[in-house]
*Asks:* 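Got a structure for you, written out below as structure tokens; questions coming shortly.
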Protein chains: 4
Amino acid sequence: MNKAVRPSRPQTRRQRVEEKEQAIIAAARAVFGKNGFDKAKIAEIAKRAGVAEGTVYLYFENKNALLLAVATEFYDRLTHDAAEGIKSLPDTKSRLAFLARHHVERVAAEWPMLSTAMMPFKASDEYRQTEGYQLNRTYVEVFDQVIRDGINRGDIRTDVPLSVMRDIFYGGLEYGARTLRMRPDRADLDETVDQMMQILSVGMLVKPAAVDTDGGAADAVLDRLEKIATRLETTAATTD
Amino acid sequence: MNKAVRPSRPQTRRQRVEEKEQAIIAAARAVFGKNGFDKAKIAEIAKRAGVAEGTVYLYFENKNALLLAVATEFYDRLTHDAAEGIKSLPDTKSRLAFLARHHVERVAAEWPMLSTAMMPFKASDEYRQTEGYQLNRTYVEVFDQVIRDGINRGDIRTDVPLSVMRDIFYGGLEYGARTLRMRPDRADLDETVDQMMQILSVGMLVKPAAVDTDGGAADAVLDRLEKIATRLETTAATTD
Amino acid sequence: MNKAVRPSRPQTRRQRVEEKEQAIIAAARAVFGKNGFDKAKIAEIAKRAGVAEGTVYLYFENKNALLLAVATEFYDRLTHDAAEGIKSLPDTKSRLAFLARHHVERVAAEWPMLSTAMMPFKASDEYRQTEGYQLNRTYVEVFDQVIRDGINRGDIRTDVPLSVMRDIFYGGLEYGARTLRMRPDRADLDETVDQMMQILSVGMLVKPAAVDTDGGAADAVLDRLEKIATRLETTAATTD
Amino acid sequence: MNKAVRPSRPQTRRQRVEEKEQAIIAAARAVFGKNGFDKAKIAEIAKRAGVAEGTVYLYFENKNALLLAVATEFYDRLTHDAAEGIKSLPDTKSRLAFLARHHVERVAAEWPMLSTAMMPFKASDEYRQTEGYQLNRTYVEVFDQVIRDGINRGDIRTDVPLSVMRDIFYGGLEYGARTLRMRPDRADLDETVDQMMQILSVGMLVKPAAVDTDGGAADAVLDRLEKIATRLETTAATTD
DNA sequence: TATGAATGAGGTTTCATTCAT
DNA sequence: TATGAATGAAACCTCATTCAT
């Protein structure tokens with residue numbers, strides 16, 4: 001039934017195995033995402049992956065392990081791309097903007113899977129001891145590092161704990177992502193993320209508002225105004 | 001049919017019936033919350049409620065109807081208390097603070113139930129057509145009204161859509177609530193909410209930096225300032 | 001909810017009781033008839049009878065007893081009317097015709113009830129020991145008596161056992177009744193019964209049939225033989 | 001896919017599968033037959049078939065489908081054997097006799113199953129639209145054909161509709177079969193069928209039958225023949 | 001007598017997991 | 001390794017029957 005596909009025929013045995021594992025994970029992600037973990041059937045995952053039911057159990061201990069594999073793959077990529085993305089960005093604000101854009105993009109795309117399938121990893125009181133928690137921990141560590149860096153640079157206010165910032169950042173973004181998903185048009189993703197960042201960055205950044213905590217952007221305004229003033233002064237002096 | 005209700009012990013039949021219904025809903029909330037809707041067993045709910053399994057079906061058509069009842073009751077109370085709470089508060093900022101406190105308090109308390117059991121109401125793409133969505137819609141309407149009011153009063157920035165504010169507000173709070181739950185000590189609830197509000201109110205409110213909050217408007221302001229500066233420079237030069 | 005119905009208000013307590021019993025039996029007949037005994041729900045019977053579920057159990061030990069009551073009432077009336085009907089009929093043939101008409105009429109009317117609800121009384125190997133069997137036994141006794149009478153009068157053939165005649169008579173009629181029910185028009189009931197009787201009476205009756213029934217081809221044979229005999233007689237006479 | 005089937009022990013996989021399917025159908029036939037469809041438990045069917053409960057659902061969608069399978073198999077064989085049996089029989093009478101014998105034999109053997117389990121297929125008013133009806137339709141078509149043939153040959157009377165004949169034929173036989181079942185000795189099956197046919201064939205056949213069938217009327221015929229003979233003798237004597 | 005809420009045993013069906021091939 | 005038929009535990013739900021009022 002599955003004629004050997006010529007061009008991309010996997011060479012080594014190991015490659016073939018990995019390919020199949022990937023196929024199962026991909027199928028699982030789709031099926032878990034459709035109606036959640038509990039309603040997902042191994043049979044459907046197997047069919048989608050093009051393998052027999054029993055084969056799934058050759059690659060994964062059980063349904064839970066399969067979910068963990070899906071989650072791991074998802075988070076690994078998420079974390080990797082996040083870390084990679086901020087490398088070239090110089091300032092805190094643009095880094096946060098990138099992380100926001102990146103997160104919303106991925107979360108919006110995988111929302112069904114995330115919201116339902118991964119619940120088992122989040123629900124319990126012992127969440128912190130689960131692998132799911134650890135995955136998430138590693139991911140948000142990228143954000144945490146940006147914030148810590150920002151604090152060192154004097155960009156980030158220090159009167160609010162990192163954990164609070166993190167919760168608002170990701171919590172807000174996730175709600176936003178969900179709202180986005182419910183709309184027919186996704187074209188406004190960029191705009192929405194911008195708007196979210198306008199609120200978030202004002203709340204987290206320091207600079208100008210250092211005085212009254214107010215919006216962060218005021219800093220920039222003041223900076224520029226100061227420069228203009230200086231120029232004016234210079235001009236005035238010259239004019240004199 | 002409505003005999004004058006006299007407060008005897010188990011009281012009137014109707015009261016007893018309502019009491020039992022409440023017991024079942026309470027039990028269901030607890031059990032749904034433990035491991036999610038799918039893993040919840042009617043048998044356990046019945047046992048917790050102190051009734052026979054069949055009795056549950058006397059009060060609720062099926063498992064789904066029971067979940068809906070739980071959600072409805074939860075949201076009804078949530079909405080009612082929210083609306084009631086802001087009545088006596090005069091200014092936008094204190095209203096938002098109240099809503100935040102109220103939400104976190106309730107959500108933190110009911111997080112297990114919310115996060116898992118109500119997923120069926122949130123997961124699907126047709127979420128907006130579900131009763132779950134409507135319940136939530138009614139609830140956040142309270143927040144929306146506060147924001148609209150705040151805009152009229154000039155308290156709330158207008159360059160970010162209400163929906164974005166709402167997502168960040170509730171999304172952030174919910175993450176925060178979850179984090180709170182994972183800590184052994186809940187004593188710091190007040191403090192945490194305060195901190196969250198520091199970020200959120202700075203992001204949403206106008207006042208403190210009515211002028212300089214940046215917001216998108218800052219750019220425009222800066223643009224104009226820059227033009228003015230340029231004109232001044234030119235003028236200065238020319239004047240020379 | 002049940003206003004006292006004036007005109008037919010039952011006088012004695014006993015009458016009221018009997019009325020309720022009848023109501024329950026009638027309701028049961030209808031409900032049993034709809035989908036069979038097993039699918040019939042006591043709750044529906046109670047509602048139809050205008051009583052509470054528990055009340056049914058005041059009048060009947062259990063569901064089986066209720067079915068038996070329905071069957072008993074049905075057979076009692078059936079038997080009574082059959083016995084009454086043949087009283088005034090003088091000859092075997094018209095009696096059988098009456099029984100056939102009577103049976104088809106009743107069976108066609110009550111077919112749903114009979115075919116499904118009363119199965120429990122017919123199915124088992126121990127049928128002969130059931131009350132259902134006895135009811136039926138009493139009913140067909142009317143037929144048996146007609147046949148025995150007919151034999152004494154020389155109307156009924158004696159080379160076929162009564163039991164065989166009975167089976168064919170009632171078996172045939174019942175199938176016929178069922179077929180009738182499946183047709184939209186019941187107008188042809190009389191005609192169909194006539195046709196069935198043409199077959200059955202030819203098969204069971206002795207002489208008279210020979211003349212008029214045609215059916216019995218024997219008549220024709222005899223006719224021919226008689227003619228031959230006549231011819232022979234004539235010939236013989238002539239030959240002489 | 002169709003490897004040459006070599007008769008090993010449990011043989012090919014396909015054979016084993018078919019064997020198991022047959023085992024389940026056979027078990028279902030027995031269990032359905034015992035107390036009817038509703039009272040039959042899948043658990044018992046599974047146990048009888050020597051498989052796990054779940055296995056039943058591997059072969060049949062649900063309980064109803066299983067019943068349909070039982071009915072289909074039964075009717076298929078019944079129809080096949082009926083059609084096969086009449087092939088070599090030359091005259092209408094012997095064909096009908098064969099069909100009667102065949103029907104009673106099968107129906108008597110399977111009466112429990114038929115009478116109870118298949119009720120769901122017969123009870124409803126929409127019977128004609130059910131698969132059960134179609135199965136039966138196909139079966140009686142064999143009978144119908146014999147009758148139509150008989151009419152063409154001048155064997156069958158034409159003043160009674162085919163449908164009426166069919167109902168009496170099968171209705172009568174079925175009652176007869178049931179009666180047979182209730183007796184401990186089945187030895188008299190042949191005799192009983194003969195007797196039933198004596199009534200039925202007299203009723204349905206046209207003249208000639210009377211001669212050789214002896215049909216029930218033979219006695220009367222003989223009686224009358226004797227009288228004629230006597231007359232002839234007398235005549236002869238007189239002539240002398 | 002009458003009610004109808006409550007019971008709880010039991011049946012059908014699903015599906016993760018196993019295992020013989 | 002791969003298969004997919006087989007398993008059987010377990011869950012939802014129904015409904016005859018009981019019993020407190």
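Lettering of chains follows the sequences in order, A, B, ..., and the numbering in each one begins at 1. All values derive from a computational prediction rather than experimental measurement.
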*Asks:* The test is side-chain contact (heavy atoms from CB on, under 4.5 Å); show your working for B:Tyr57 and B:Ile42 and say whether it passes.
*Replies:* CA-CA 9 Å; B:Tyr57 289 89; B:Ile42 295 289; 3.5 Å; yes

*Asks:* Whole angstrom is fine here: how far is it from CG in B:Asn64 over to P in F:dA11?
*Replies:* 17 Å

*Asks:* Once you apply a heavy-atom cut-off of 4.0 Å, does A:Lys20 come out as touching a base, just sugar-phosphate, or nothing?
*Replies:*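 Sugar-phosphate, no base atom in range.
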
*Asks:* Which atoms form the tightest heavy-atom contact between A:Asp38 and A:Lys63, and what is the distance?
*Replies:* O-NZ, 3.5 Å

*Asks:* Decide side-chain contact (heavy atoms from CB on, under 4.5 Å) for B:Glu73 and B:Arg29; before the verdict, give the C-alpha distance in whole Å, the side-chain angles of both, and the deciding distance to 0.1 Å.
*Replies:* CA-CA 10 Å; B:Glu73 212 220 29; B:Arg29 172 152 60 200; 3.8 Å; yes

*Asks:* Closer to the 5' end of DNA chain E via nearest nucleotide, is it C:Tyr59 or D:Asn62?
*Replies:* C:Tyr59

*Asks:* What closest approach, in Å, do B:Leu67 and B:Phe32 show between heavy atoms, and which atom pair accounts for it?
*Replies:* CA-CE1, 3.5 Å

*Asks:* Quick check on side chain to side chain contact (heavy atoms under 4.5 Å, CB included): which of C:Ile25, C:Val31, C:Val51 does C:Ile45 satisfy it with?
*Replies:* C:Val31

*Asks:* To the nearest angstrom, how far is B:Glu44 atom CD from F:dA10 atom P?
*Replies:*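 After rounding, the gap between these two atoms is 14 Å.
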
*Asks:* Using the side-chain contact (heavy atoms from CB on, under 4.5 Å) rule, take B:Phe60 and B:Leu68 through it: C-alpha gap first, then chi angles, then the decisive distance, then the call.
*Replies:* CA-CA 10 Å; B:Phe60 303 95; B:Leu68 186 59; over 6 Å; no

*Asks:* Can D:Lys47 and D:Glu53 be counted as an ion pair, charged N to O under 4.0 angstrom?
*Replies:*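 A salt bridge is absent here (no side-chain N lies under 4.0 Å from a carboxylate O).
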
*Asks:* Just call it for D:Val51: base, sugar-phosphate, or nothing, with non-hydrogen atoms closer than 4.0 Å on any strand.
*Replies:* sugar-phosphate

*Asks:* For D:Ala46, report the nucleic acid contact type (base, sugar-phosphate, nothing); a contact means any heavy atom under 4.0 Å.
*Replies:*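 The residue D:Ala46 makes no contact with any strand.
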
*Asks:* Could you tell me the separation between the OG1 atom of D:Thr55 and the NZ atom of D:Lys20, rounded to the nearest 0.5 Å?
*Replies:* 6.5 Å

*Asks:* Measure from CG on C:Asp38 to P on F:dT14 and round the result to the nearest Å.
*Replies:*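 Checked: the CG to P distance equals 17 Å.
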
*Asks:* In whole angstrom, give the distance that lies between atom OH of C:Tyr57 and atom P of F:dA16.
*Replies:* 6 Å

*Asks:* Counting distance alone, no hydrogens or angles: does the base of F:dC13 have a donor or acceptor under 3.5 Å from a partner atom on the side chain of B:Glu53?
*Replies:* yes

*Asks:* Quick one: the dot-bracket string of DNA chain E, using Watson-Crick and G-U wobble pairs with both distances under 3.5 Å, [ ] for crossing pairs and | for bases paired to another strand.
*Replies:* .||||||||||||||||||||

*Asks:* 5'-most contact on DNA chain F: D:Gly50 or B:Lys63, nearest heavy atom basis?
*Replies:*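 Looking at DNA chain F, the more 5' nearest nucleotide goes with D:Gly50.
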
*Asks:* Walking along DNA chain E from 5' to 3', note the first and the last nucleotide with an atom under 4.0 Å from a heavy atom of chain B, and give both.
*Replies:*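 Listed 5' to 3', the contact boundaries are E:dA5 to E:dG8.
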
*Asks:* DNA chain E: C:Val17 or A:Ile42, which has the more 5' nearest nucleotide?
*Replies:*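 Nearest nucleotide further toward 5': that of C:Val17.
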
*Asks:* Where do A:Tyr59 and A:Leu66 land on the side-chain contact (heavy atoms from CB on, under 4.5 Å) test, with the steps shown first?
*Replies:* CA-CA 9 Å; A:Tyr59 288 80; A:Leu66 181 51; over 6 Å; no

